[in-house]
Amino acid sequence: MVTTERKYGVSEAAGIVDQFVEQIREQNNETITFSNFSLVDQLLDAFGEASIDGWDGEGSVAVSRQTLSIARELVESLPTEFRTPEISAEPDGHIHLEWFVSNRQVLGVSVNPDGRLHWAALIGEEDPRGTCRFAGQTPVTLLHWIGRVCNG
Amino acid sequence: MIDPDNVPDVELDEVVARFIFKKKQWYAKTGAPKPSLFCPYKHIDLSVNRHRDCTDDEIWMFGKGIADFRGDELYGRCDIVVADCNIETLKVIAKEIKDDPKGVPDNPNHADIVGFPEKKEDQMSLAQKLAAKANQRILPSGISEE
């Protein structure tokens, strides 16, 4: 008999995380690449850390399943030739992806529960920013700025 | 610390600290702050602590007080000169905490970075610029890196 070990605890949030891991495994047919796996791990950490309201002081908002799901799709759509971002939860319940080369070569993308991606970059003295909608593929604008940050 | 009965305006050459309560708010490799440390939430103001008239122990005492109030760990602080905070719409103003109804500890050295715009991407951009100007993480006194 095959049993699934619950790795992330016994709470409802932990159950969601377990389901999420299982889904990823099925989708990837157990052939998750190291870099993707690292991103999934980071997503799970972020979700686990921010699974209840108030997780980052008064008024902070839990990351919803909807936000987690959008962030997962975005992460899976990222091209593998660039360095992987660092992922964390934000107090407003968004999930944040950050590509950091130096403090003047950085891109942040904030995943909103309704599928909008707020982004800002600092590249030398340039400070482009904007909002775009995620529709299953990494938006072209973001690909451009990820490339600029990662490739110099 | 600053005399609570005579809190002076913030001057450009003062240094303020942003306390760190989350592990993911600095880069482990370099100790540089992540922009998220300077991204405001909810109040669109960002709390900082003025060094003015403070001993190092007093600075940490304020940080520890907030950490205890929040039920968080204090992982350190990043310092930044006030003049470097005056980016675009931002400025630093004195905002003493006294008799807070929610129980936030009194702090005559408390200040806010105010003037953050509403749009998330504009806030993120300013946070990146503040992080680029801030010093590396300083560990709380008596604590060594793991």
Side-chain angles (χ1 to χ4, degrees), chain A residues 42-43 45-50 52-61 83 85-114 116-132 141-142 145 149, chain B residues 19-47 66-74 78 80 84 87-88 100-104 116-137:
Chain A
Q42 287 194 64
L43 266 180
D45 279 350
F47 183 69
E49 183 188 17
I52 52 167
D53 287 340
W55 67 274
D56 190 16
E58 192 199 356
S60 53
V61 179
R83 67 173 63 207
E86 285 197 24
I87 299 175
S88 56
E90 296 183 275
D92 55 6
H94 296 191
I95 289 180
H96 188 83
L97 281 65
E98 190 161 279
W99 287 261
F100 175 88
V101 175
S102 70
N103 59 13
R104 288 212 164 260
Q105 202 169 333
V106 59
L107 168 69
V109 177
S110 179
V111 181
N112 176 311
D114 68 11
R116 278 176 299 154
L117 308 174
H118 307 286
W119 63 273
L122 186 61
I123 304 170
E125 296 302 313
E126 278 185 87
D127 60 355
R129 68 197 87 156
T131 295
C132 49
T141 309
L142 288 188
W145 291 110
V149 166
Chain B
F19 292 115
I20 303 172
F21 302 114
K22 293 286 171 200
K23 272 187 176 172
K24 289 193 166 179
Q25 289 183 320
W26 76 93
Y27 295 102
K29 243 182 195 173
T30 62
K34 288 187 181 180
S36 61
L37 183 64
F38 292 95
C39 211
Y41 170 58
K42 206 174 177 191
H43 303 295
I44 59 168
D45 300 333
L46 194 74
S47 281
I66 296 292
D68 290 346
F69 173 75
R70 291 169 49 116
D72 274 329
E73 189 94 18
L74 177 63
C78 288
I80 184 168
D84 287 336
I87 305 165
E88 298 169 25
D100 181 82
K102 290 174 186 161
V104 180
F116 280 93
E118 292 280 343
K119 277 187 177 174
K120 180 79 185 259
E121 59 267 30
D122 293 335
Q123 293 178 1
M124 290 164 68
S125 180
L126 286 167
Q128 288 170 345
K129 290 168 190 165
L130 288 169
K133 295 276 190 181
N135 292 340
Q136 288 181 335
R137 169 181 171 238

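Convention: sequence-line order gives letters A, B, ...; per-chain numbering from 1. As the structure is a prediction and not an experimental result, all values here were calculated from the model. Computation of the quantities below employed the complete heavy-atom set of this structure, encompassing side-chain atoms and omitting hydrogens, waters and symmetry-equivalent molecules.
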Visitor: Using the rule given for side chain to side chain contact (heavy atoms under 4.5 Å, CB included), can you reason through B:S36 versus A:H96, listing the C-alpha separation, both sets of side-chain angles and the distance that settles it, and then say yes or no?
Guide: CA-CA 9 Å; B:S36 61; A:H96 188 83; 5.7 Å; no
Visitor: I'd like to know if the side chain of B:K129 and the backbone of A:L122 have a donor-acceptor N/O pair within less than 3.5 Å.
Guide: no
Visitor: Against chain B, label A:I87 side chain, backbone, both or neither, depending on which of its atoms sit under 4.5 Å from a heavy atom there.
Guide: backbone
Visitor: Verify side chain to side chain contact (heavy atoms under 4.5 Å, CB included) between A:D127 and B:E88, making sure each step is shown before the conclusion.
Guide: CA-CA 12 Å; A:D127 60 355; B:E88 298 169 25; 3.9 Å; yes
Visitor: Checking B:Y41 side chain against A:E90 main chain: does a donor-acceptor pair fall under 3.5 Å?
Guide: no
Visitor: What are the two closest non-hydrogen atoms of B:K24 and A:D45, and how far apart are they?
Guide: NZ-CB, 4.2 Å
Visitor: Where does A:A89 contact chain B at under 4.5 Å (heavy atoms): side chain, backbone, both or neither?
Guide: neither
Visitor: I need the B:M124 CE to A:H118 NE2 distance, nearest 0.5 Å.
Guide: 8.5 Å
Visitor: Run the ring pair (Phe, Tyr, Trp, His ring centres under 6.0 Å) test against B:Y27 and tell me which residues pass, sequence neighbours left out.
Guide: A:F100
Visitor: Give a yes or no on whether B:E118 atom CD has more than 12 heavy-atom contacts from other residues, nucleotides or ligands under 6.0 Å away.
Guide: no
Visitor: Using a cut-off of under 4.5 Å on heavy-atom pairs, state which of B:Q123, B:R70, B:K119 scores highest against chain A.
Guide: B:R70
Visitor: Out of A:S102, A:S110, A:S60, A:G57, which one racks up the most heavy-atom pairs below 4.5 Å with chain B?
Guide: A:S110
Visitor: Where do B:Q128 and A:A120 come nearest, in terms of heavy atoms and distance?
Guide: NE2-O, 2.8 Å
Visitor: Among A:P128, A:G108, A:G59, A:G130, who wins on heavy-atom pairs under 4.5 Å with chain B?
Guide: A:G130
Visitor: Can you tell me which portion of B:K133 sits under 4.5 Å from chain A's heavy atoms? Options are side chain, backbone, both or neither.
Guide: side chain
Visitor: Once you round to the nearest 0.5 Å, how far does NZ of B:K22 lie from OG of A:S88?
Guide: 11.5 Å
Visitor: Under 4.0 Å between a Lys/Arg side-chain N and an Asp/Glu carboxylate O for B:K23 and A:E49?
Guide: no
Visitor: Show your working on side chain to side chain contact (heavy atoms under 4.5 Å, CB included) between A:N112 and B:K120 and close with a plain yes or no.
Guide: CA-CA 10 Å; A:N112 176 311; B:K120 180 79 185 259; over 6 Å; no
